[in-house]
Amino acid sequence: MSDQPLVTHLYTADPSAHVFQDRIYIYPSHDRDSGVPADDLGSHYDMVDYHVLSLDRIGGPVTDHGVALTVADVPWVDKQFWAPDAAVKNGRYYLFFPAKDKTGVFRIGVATSDQPGGPFKAEPEPIKGSFSIDPCCLANGDGRFFLVWGGIWGGQLQRWRTGVYDPNGREPAPHEPALGPRIAELSDDLKSFKGDITELQILDEHGQPLLAGDHDRRYFEGPWMHQYQGTYYLSYSTGDTHYLVYATSQSPRGPFTYRGRFLEPVIGWTTHHSIVEFQGRWWLFHHDASLSGGQSHLRCVKVKELFYDAAGNILPVK
Ligand code: FUB
């Protein structure tokens, strides 16, 4: 399989892939160089719009559906359109997207369209009670939809430890349980949370929570949840150690048990992915920064086949 970027006319990242209308639709970030200097909070990831990509077969031509949503279209947004995701319900398409509001706090918004490729129209306010970044929408197959999200450092999850925004909030100490992504069921119109927001626990092989000091395994950002043979898989980036890893559970609300690593560090600082089944085969969509010669904020989306063994372990991707 080729290791080429899916498209080269745009810098793209954070691909969330879904099968809609028998095509693969990819909802990526659209990277650009705005000149904002790099820092540990990711200020240089300064994106202002989204484009949706689609293809009808892996390796086939990729359609760019044009601008799907811009920062200027969304009254509550100040900047930084980060990693989005999408869902379909009753023929309506939903785009979930994180961005900083006018006070510099990351929130998650929702926009809708009657086409999977957009354009999308955003709700005037972010999802009530939302915070942090990297929404992933799980269609549970029983009519329920869940949003999973969160990211530490620039994603601000450490500022929400008490449930209230604290600009000085820090990560737990290395010997304390790591922060986990959050999950909430979505309301029937997919525009608000129904019930409580809970934190997903990720446990080690002894049933103990992964610790904040365990940078090779602890949750950092970029959650993706999918089901395979009746088991829920939560996969994510370990951030500063640059791995893609996964954990499994019998419930979307966890607890999850850490299972292993399936992608080694790629070119560039961030690593982010999605996993989708298409025509009986499984595919990993992810990004690296090879297209820009390694500039971490100018990335490109790629796709690779993903395999499980008989026990449901995800095999390391070459
Ligand atoms: O693209 C901006 C941020 O970089 C995403 O939200 C993170 O997951 C990381 O890929």
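Counting starts at 1 for both ligands and their atoms, in listed order. Values in this document were obtained by computation on a predicted structure and should not be read as measured data.
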### Task
Note the single closest protein heavy atom to atom 6 (O) of ligand 1, along with its residue, its atom name and the distance in Å.
Asp134 OD1, 2.5 Å
### Query
Can you tell me the protein heavy atom closest to atom 4 (O) of ligand 1 and the distance?
Arg299 NH1, 3.3 Å
## Note on the structure
Atoms of ligand 1 under 4.0 Å from any heavy atom of Met47, numbered from 1 in the order shown, are 1 (O), 2 (C)
### Task
Examine ligand 1 and decide if any of its atoms is less than 4.0 Å from a heavy atom belonging to His287.
yes
### Task
Give a yes-or-no answer on whether the side chains of Tyr219 and Glu199 include a donor-acceptor pair shorter than 3.5 Å.
no
### Query
Is there a donor in the side chain of Glu123 and an acceptor in the side chain of Trp76, or the other way round, less than 3.5 Å apart?
no
#### Entry: Test of proximity, Thr271 against ligand 1: N or O pairs below 3.5 Å
no
### Task
Would you check if the distance from the ring center of Tyr93 to the ring center of Phe120 is below 6.0 Å?
no
### Task
Answer yes if the side chains of Thr103 and Asp101 hold a donor-acceptor pair under 3.5 Å, and no otherwise.
yes
### atom 10 (O) of ligand 1 - nearest protein heavy atom and its distance
Asp14 OD1, 2.6 Å
### Query
When you measure from atom 9 (C) of ligand 1 to every protein heavy atom, which one gives the shortest distance, and what is it?
Glu221 OE2, 3.3 Å
### Query
Which atoms of ligand 1 sit under 4.0 Å from any heavy atom of Ala83?
6 (O)
### Query
Can Asn140 and Tyr232 be counted as having a side-chain donor-acceptor contact under 3.5 angstrom?
yes
### Sub-6.0 Å ring centroid separation between Trp149 and Phe96
no
### Task
Could you see which bit of Ala13 sits under 4.0 Å from ligand 1, with heavy atoms only: side chain, backbone, both or neither?
neither
